[in-house]
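Worksheet: one structure, shown below.
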Amino acid sequence: MSRSLIALLLTVTLVAACDRQSPPPEQVAPAAVATPATGPGAGVLDRSHRGEGVPATAFAAPDGKRVTLADFHGGPVLLNLWATWCAPCVAEMPQLDALAARMAGKLTVLTVSQDLEGAAKVGPFFAKGGFKAIKPYLDDQAALSIGYQANLPTTILYDSTGHEVWRYSGGQDWSGAAAAALIAEAK
C-alpha cells in the first residue's frame with residue numbers, strides 16, 4: 001500500500017476520532033474504571049493504565065533529533081497528543097503553554113503533534129500561537145496515538161519514575177483547579 005494511501009486512511013481515522021468519547025475499558029477493577037470528568041470540555045479520565053511504563057516509541061524533538069518519553073525521566077511529564085485540525089486540541093494549546101510556564105522545573109509539558117504533514121503544519125501553527133513554554137514535538141506517523149489507541153486530544157500524566165498515573169481523553173481546562181488536582185497526583 002502506498003504511503004499516501006496509508007496517510008489518507010490514517011487521517012480519516014484520526015479526524016473521525018477527534019474528541020470522540022472512548023468507552024470504559026473492559027474487565028477493569030472498579031477503582032480503575034475510566035470515569036467521566038466534570039467541568040468545561042469534560043472528557044474521560046482513565047486510571048486503568050496506572051503503573052504502566054512509557055512506550056519506546058520515538059518522535060521528533062524540535063531540533064529534529066529522535067527522542068522517546070524515557071528521555072524525559074527524572075520529573076513528572078504531561079504528554080499531550082494533539083493535531084492542528086482538532087478543535088479541542090487547538091483550544092488547549094494556550095492553556096498548556098501557560099501550564100508549562102507556571103510549572104517550569106516541576107513538570108515537563110510535552111505537546112506531540114500527530115499531524116501527518118509534520119513541521120509544515122505545526123511550525124506555522126506554533127509561530128502564529130506565539131507559544132513560549134511548549135515546544136513543537138512531532139509524530140508525523142501518529143505512532144503514539146496509534147500505540148495508545150487514543151482519540152485526540154489525549155493527555156497522559158507520567159510520574160518521575162516514568163510510570164503512568166492517568167490518561168485524559170477529550171478537551172480539558174488546564175488552567176483550572178480540577179486540572180491542578182489531577183497533576184498534583186504525580187510525584
Check whether any side-chain heavy atom of [X] sits under 4.5 Å from a side-chain heavy atom of [Y], and report yes or no.
{"X": "Ile183", "Y": "Leu99", "answer": "yes"}
{"X": "Gln172", "Y": "Thr155", "answer": "no"}
{"X": "Leu45", "Y": "Leu182", "answer": "yes"}
{"X": "Ser113", "Y": "Pro136", "answer": "no"}
{"X": "Ile156", "Y": "Val165", "answer": "no"}
{"X": "Tyr148", "Y": "His49", "answer": "no"}
{"X": "Tyr158", "Y": "His163", "answer": "no"}

Minimum heavy-atom separation for [X] to [Y], with atom names?
{"X": "Ala119", "Y": "Leu138", "result": "N-CD1, 3.6 Å"}
{"X": "Ala70", "Y": "Val54", "result": "N-CG2, 3.9 Å"}
{"X": "Ser145", "Y": "Leu152", "result": "CB-CD2, 4.3 Å"}
{"X": "Ala101", "Y": "Ala133", "result": "N-CB, 3.5 Å"}
{"X": "Thr161", "Y": "His73", "result": "O-CE1, 3.9 Å"}
{"X": "Leu69", "Y": "Phe59", "result": "N-CE2, 3.9 Å"}

Mutual orientation of the aromatic rings belonging to Phe126 and Phe131 [parallel < 30°, tilted 30-60°, perpendicular > 60°]: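 Plane angle over 60°, so perpendicular.
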Val77 vs Asp159, side chain to side chain contact (heavy atoms under 4.5 Å, CB included): CA-CA, chis, key distance, verdict: CA-CA 7 Å; Val77 174; Asp159 64 21; over 6 Å; no
May I ask you to check whether [X] and [Y] show a side-chain donor-acceptor distance below 3.5 Å?
{"X": "Thr84", "Y": "Asp115", "answer": "yes"}
{"X": "Asn151", "Y": "Ser169", "answer": "no"}
{"X": "Glu92", "Y": "Trp174", "answer": "yes"}

Between [X] and [Y], is there a donor-acceptor pair closer than 3.5 Å when you use the side chain of the first and the backbone of the second?
{"X": "Ser160", "Y": "Lys187", "result": "yes"}
{"X": "Tyr168", "Y": "Val44", "result": "no"}
{"X": "Asp46", "Y": "Arg167", "result": "no"}
{"X": "Asp97", "Y": "Ile134", "result": "yes"}
{"X": "Trp82", "Y": "Gln114", "result": "no"}
{"X": "Arg66", "Y": "Ala58", "result": "yes"}

Could you state the interatomic distance from [atom1] ([X]) to [atom2] ([Y]), rounded to the nearest 0.5 Å?
{"X": "Glu164", "Y": "Glu52", "atom1": "CD", "atom2": "CD", "answer": "6.0 Å"}
{"X": "Ser48", "Y": "Trp166", "atom1": "OG", "atom2": "CH2", "answer": "13.5 Å"}
{"X": "Leu144", "Y": "Thr154", "atom1": "CG", "atom2": "OG1", "answer": "11.0 Å"}

Stepwise side chain to side chain donor-acceptor pair (under 3.5 Å) test for Asn80 and Thr111: CA-CA 5 Å; Asn80 177 265; Thr111 54; over 6 Å; no
Side chain to side chain contact (heavy atoms under 4.5 Å, CB included) between Val112 and Leu81, intermediate numbers included: CA-CA 5 Å; Val112 183; Leu81 303 177; 4.1 Å; yes
